[in-house]
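The structure under discussion appears below in the form of structure tokens.
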Amino acid sequence: MGGAVRAGRGRQRRHHHRAQLRPQRAQPAGRRRQHPGASRPGLRGRFSYGPPDSAAPDATNDLDDWAALRERWPASRLDGRLDFGVALRGPYRTPPSVYEREWRTARSLGLPITMHCDRCLREEGCRSCGLVRLEELGLLGEDVQVIHAVHAGEQDIRALARTRTRVSLSPMTEMRTMGFPLLTELLQAGVPVSLSLDTLAMPTSADILGHLRAIISVEAARTGSNALTPRRLLRLATLDGARDLGLEHVTGSVTPGKRADLVILRSGDINLVPSGDPAEALVYTGQIDNIDTVIADGRILKRHGKRVLAPGEQDPVAVAAARRDALLRRAAAAGDWPARPAGAPGPSPTEGTLP
């Protein structure tokens, strides 16, 4: 999240595959408690509660915990910076006894639903999203966000548009693992679309401007059209992202009455001049080094190009390095990572202390 702040990202959705939030309950094997404080670094976001990656297809999410989550974290405690949803696997990964109950419970609790559409990663030879089936089952809708949908056919896209189902695309990871995202087709059909950087564990970069530059270039080459403009891309990265999370009345644009979520860039930097159109300059030549100030909910998180820590907040770079070293120490102790001699270059499993 420190990288997100550096790159000017003040909003995120966290998809937790191994969540459990009730400390009074013993932890089932293979699960760990994740604190829902996605806004601790000052960001605005959504915590999506999901099952363990290793969960059996017939294993249902902890539905009682969903209700407890609502009670434990009422809107009055969240101050508009954090909300909650659920991450469900859907009908291609779970039987009706699971997905019907999960969808019904999520909707009764008013929890937004997110679902990965990545069958191509799980079913050998699959090149179909099968979203028409979800429409027929009553699973699509404005409260649902579908992630990826790289292999959506024409009928799938029409189903998304009819139901006003939202789609979140992660173009960089999709191009590396699945195929080309269908950004132009989805926009032309009227499907609500937002952009994601996905997980930095790929690894990928939090550099949103670099991602936008790659997206507009790939779409022009893939479709032979210049219909996707820099200004439209910037809207996808700002207001449309807020709309996807139901926050368009709170953030996403510089509008009187909205919360102060701002990214201020140095327009006089050499790579941005001369320019006749600021939107084109940002997308085609902008860099995260041009970002001078980041403000989230009125709190300054970055100023003059440097991270601003809150009183008592730990340096995220130092924390990341210490956690890396702690992980490598455990891996080395288990024989899964070679121990580096003291003083050798690179991360060492014997260096760093965990805060």
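Remember, predicted model here, so these are calculated numbers, not experimental data.
Annotation: the span from Ile147 atom CD1 to Glu174 atom CD amounts to 9.5 Å, rounded to 0.5 Å. Note: Asn290 CG to Leu209 CG = 7.5 Å, rounded to the nearest 0.5 Å. Rounded to the nearest 0.5 angstrom, Leu131 CG and His151 NE2 are separated by 12.0 Å. If you take CG on Asp261 and CZ on Arg44, they are separated by 4.0 Å, rounding to the nearest 0.5 Å. Atom CD in Glu102 sits 9.5 Å away from atom OG in Ser97 (nearest 0.5 Å).
With a 4.5 Å cut-off on side-chain heavy atoms, Val144 and Thr114 do not count as touching. Side chains of Leu187 and Leu236 form a contact here, defined as non-hydrogen atoms less than 4.5 Å apart. Looking at Asp244 and Gln145, their side chains come closer than 4.5 Å, going by heavy atoms from C-beta outward.
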Residues Met115, Leu134; criterion side-chain contact (heavy atoms from CB on, under 4.5 Å); working and verdict: CA-CA 11 Å; Met115 185 198 79; Leu134 271 71; 3.6 Å; yes
Steps toward side-chain contact (heavy atoms from CB on, under 4.5 Å) verdict (Leu233, Leu228): CA-CA 7 Å; Leu233 266 182; Leu228 185 64; 4.1 Å; yes
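Under the 4.0 Å criterion applied to side-chain N and carboxylate O atoms, Arg222 and Glu219 are assigned as salt-bridge partners. Look at Arg72 and Asp65 and you find no salt bridge, because none of the NZ, NE, NH1 or NH2 atoms lies under 4.0 Å from a carboxylate O. Here Arg307 pairs with Glu313 in a salt bridge; the nearest charged N to carboxylate O distance falls below 4.0 Å.
Side-chain atoms of Thr165 come within 3.5 Å of backbone atoms of Gly141 as a donor-acceptor pair (strictly under, hydrogens ignored).
The one candidate from Val263, Ile208, Ile264 that meets the side chain to side chain contact (heavy atoms under 4.5 Å, CB included) condition with Ile291 is Val263.
Ala159 is linked by a side-chain contact (heavy atoms from CB on, under 4.5 Å) to Val132, Glu135, Leu140, Arg162, counting only residues two or more places apart in sequence or in another chain.
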Give the table of side-chain donor-acceptor pairs shorter than 3.5 Å for residues 82-95, with sequence neighbours excluded, one pair per line with atom names and distance.
from  : atom 1 : to     : atom 2 : distance (Å)
Asp83 : OD1    : Arg46  : NE     : 3.4
Asp83 : OD2    : Arg46  : NE     : 3.3
Asp83 : OD2    : Arg46  : NH2    : 3.2
Arg89 : NH1    : Ala55  : O      : 3.4
Arg89 : NH1    : Ala56  : O      : 3.1
Arg89 : NH2    : Ala59  : O      : 2.5
Tyr92 : OH     : Gly130 : O      : 2.8
Thr94 : OG1    : Gly90  : O      : 2.7

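Counting non-hydrogen atoms of other residues, nucleotides and ligands closer than 6.0 Å to CZ of Arg231 gives a total of 12 or fewer.
Pairing each heavy atom of Arg101 with each of Thr60, the nearest pair is NH1-CG2, 4.3 Å.
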